[in-house]
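Throughout, protein chains are lettered first and strands after them, A, B, ... in sequence-line order, and every chain is numbered starting at 1. If you're wondering where the values come from, they're calculated on a predicted model, not measured in any experiment.
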There are 2 protein chains.
Amino acid sequence: MESEPRWLDDAEQETWMALAGLLMRLPGALDAQLQRDAGLTHFEYLVISGLSMVPGRTMRMSELAAVAEGSLPRLSQVVSRLEKRGWVRRSPDPDDGRYTLAILTDEGWDKVVATAPGHVAAVRHFVFDPLTKGQQRQLGEIGRRIMRAVAPDDQCPPPRKATS
Amino acid sequence: MESEPRWLDDAEQETWMALAGLLMRLPGALDAQLQRDAGLTHFEYLVISGLSMVPGRTMRMSELAAVAEGSLPRLSQVVSRLEKRGWVRRSPDPDDGRYTLAILTDEGWDKVVATAPGHVAAVRHFVFDPLTKGQQRQLGEIGRRIMRAVAPDDQCPPPRKATS
DNA sequence: CAGTTTAGCTTAATGCTTGAAGTCAGTTTT
DNA sequence: AAAACTGACTTCAAGCATTAAGCTAAACTG
């Protein structure tokens with residue numbers, strides 16, 4: 001039992017409120033854009049967009065789950081939905097039958113191509129346009145620092161070029 | 001149809017990845033702390049903590065929903081759960097029977113008092129400790145700017161003192 | 001080479017959040 | 001003063017996410 005914890009002072013309180021608001025509202029705003037313009041969940045978009053950026057447009061389910069930051073059961077169900085819509089298909093890995101490959105179809109590719117511009121425009125509109133160049137740079141550094149505190153063991157891979 | 005959208009350059013890409021990671025992981029980390037140490041959802045914590053900061057420890061349901069940034073049906077069910085646990089009780093507003101008042105019980109007050117220090121410690125650990133003072137100030141400004149882009153009509157009320 | 005273990009994925013079951021209809025109190029209209 | 005209406009809240013039905021169990025394929029062990 002700590003005697004008396006260090007509460008947030010006024011400046012910290014204000015900063016925290018701003019960040020909390022951002023955490024609450026920004027994901028919803030991005031989700032809404034994707035839902036409205038493309039009929040896609042943000043997670044669904046991460047899945048097909050992740051597949052689109054990899055050579056062969058193919059990834060193992062477990063690998064894809066890590067890229068999209070979701071659990072394996074969740075991915076499994078989402079891929080089933082995407083399969084029904086004709087954007088993804090499954091195939092057992094010829095090299096190792098335990099793995100399942102998720103493969104982006106041509107229709108799925110077209111969907112990504114049709115959806116991505118609107119999404120990056122939304123990101124630009126919500127995140128980059130309101131900020132100065134210096135703030136953009138600061139935001140990157142701030143994000144990385146907080147990420148290290150949240151997931152210390154997680155090595156952020158140097159961002160690979162979009163292989164679209 | 002835009003001919004060719006403005007994609008994110010490398011620096012922007014990196015910034016966006018950092019922010020996206022933050023949006024993905026930070027809420028989960030805070031939720032996990034509350035769940036582990038107090039058996040509370042973040043939303044449940046927002047509800048009882050919101051009540052604890054207001055004179056009389058009483059709020060109308062609709063007002064409370066706005067404070068906790070949740071829908072009215074969601075709040076209704078969460079308050080039902082909190083009622084079962086003995087931390088909140090409901091009462092019709094004597095002034096206007098259409099409103100329902102949510103009232104924090106003494107046990108609920110004790111729960112907030114027992115929970116709050118750990119939560120602010122988690123916020124400090126994840127958000128403030130990794131940052132310099134300057135970055136903390138920048139983060140506040142950045143959050144407010146993005147918030148204005150996401151919810152332009154939303155007037156951020158000047159942060160009222162914690163009336164705990 | 002048979003049996004056991006491990007790993008990847010899927011399926012099933014539980015719980016929570018969202019959207020739509022329903023209820024009730026107070027207000028306005030005729 | 002009765003009837004219709006508005007607003008606040010609750011409840012019901014549906015959808016999605018997490019947890020636990022089940023299944024198949026490969027590898028390890030005796």
Side-chain angles (χ1 to χ4, degrees), chain A residues 23-25 27-36 38-48 50-51 58-85 88-103, chain B residues 23-25 27-36 38-48 50-51 58-85 88-103:
Chain A
L23 293 175
M24 295 280 216
R25 296 255 172 91
L30 293 172
D31 256 318
Q33 182 272 327
L34 280 171
Q35 194 66 51
R36 178 166 42 79
L40 282 175
T41 304
H42 189 224
F43 185 70
E44 293 172 333
Y45 175 76
L46 283 180
V47 169
I48 58 177
L51 283 176
T58 298
M59 234 184 285
R60 303 209 261 235
M61 290 292 282
S62 42
E63 197 182 345
L64 185 52
V67 168
E69 309 233 23
S71 65
L72 206 42
R74 183 182 182 187
L75 178 66
S76 184
Q77 294 180 323
V78 167
V79 167
S80 298
R81 264 178 283 169
L82 294 173
E83 240 177 341
K84 284 200 193 78
R85 300 220 246 172
V88 175
R89 65 187 177 82
R90 280 188 243 231
S91 168
D93 189 334
D95 298 347
D96 188 334
R98 285 175 298 189
Y99 294 95
T100 301
L101 298 179
I103 305 167
Chain B
L23 293 176
M24 294 282 215
R25 296 256 171 92
L30 293 172
D31 257 317
Q33 182 273 327
L34 280 170
Q35 194 66 50
R36 177 167 43 79
L40 283 174
T41 304
H42 189 223
F43 185 71
E44 293 173 332
Y45 175 77
L46 282 180
V47 168
I48 60 177
L51 283 175
T58 298
M59 234 184 286
R60 302 209 262 236
M61 291 291 282
S62 42
E63 198 182 345
L64 185 53
V67 168
E69 308 234 24
S71 64
L72 205 41
R74 183 183 182 186
L75 178 65
S76 184
Q77 293 184 311
V78 167
V79 166
S80 297
R81 265 179 293 181
L82 294 173
E83 240 177 340
K84 284 200 193 79
R85 300 221 247 171
V88 174
R89 66 188 177 81
R90 279 189 244 231
S91 168
D93 189 334
D95 298 347
D96 187 334
R98 283 175 300 189
Y99 293 96
T100 302
L101 299 178
I103 306 167

How long is the line joining [atom1] of [X] and [atom2] of [N], in whole Å?
{"X": "B:Gln35", "N": "D:dT19", "atom1": "CD", "atom2": "P", "result": "10 Å"}
{"X": "B:Asp95", "N": "C:dA25", "atom1": "CG", "atom2": "C1'", "result": "14 Å"}
{"X": "B:Glu44", "N": "C:dT17", "atom1": "CD", "atom2": "C1'", "result": "13 Å"}
{"X": "B:His42", "N": "C:dC16", "atom1": "NE2", "atom2": "P", "result": "17 Å"}
{"X": "A:Arg74", "N": "D:dT19", "atom1": "CZ", "atom2": "P", "result": "12 Å"}

Holding to side-chain contact (heavy atoms from CB on, under 4.5 Å), I want the full list of residues that pass it with B:Asp93, two or more places apart in sequence or in another chain. B:Arg60, B:Asp95, B:Tyr99, B:Leu101
May I ask you to check whether over 12 heavy atoms, not counting those of A:Arg89, lie within 6.0 Å of atom CZ? no
Taking for A:Thr41 and for A:Asp96 the nucleotide of DNA chain D with the nearest heavy atom, the one nearer the 5' end belongs to A:Thr41
For A:Arg90, is there any backbone N or O sitting under 3.5 Å from a side-chain donor or acceptor partner on A:Glu83? yes
Hey, mind stepping through A:Ile103 and A:Val88 against side-chain contact (heavy atoms from CB on, under 4.5 Å) and telling me if it holds? CA-CA 5 Å; A:Ile103 305 167; A:Val88 175; 5.8 Å; no
Without placing hydrogens or testing angles, list every side-chain donor-acceptor pair under 3.5 Å for residues 63-78 of chain B, not counting sequence neighbours.
unit_1: B:Glu69; atom_1: OE1; unit_2: A:Arg25; atom_2: NE; d: 3.2
unit_1: B:Glu69; atom_1: OE1; unit_2: A:Arg25; atom_2: NH2; d: 2.9
unit_1: B:Ser71; atom_1: OG; unit_2: B:Arg74; atom_2: N; d: 3.4

Letter by letter from the 5' end, nucleotides 3-13 of chain C scores (B base, S sugar-phosphate only, - none; protein heavy atoms under 4.0 Å) -----SBBB--
A:Ile48 and A:Arg85: CA distance, side-chain angles, deciding distance, side-chain contact (heavy atoms from CB on, under 4.5 Å) verdict: CA-CA 12 Å; A:Ile48 58 177; A:Arg85 300 220 246 172; over 6 Å; no
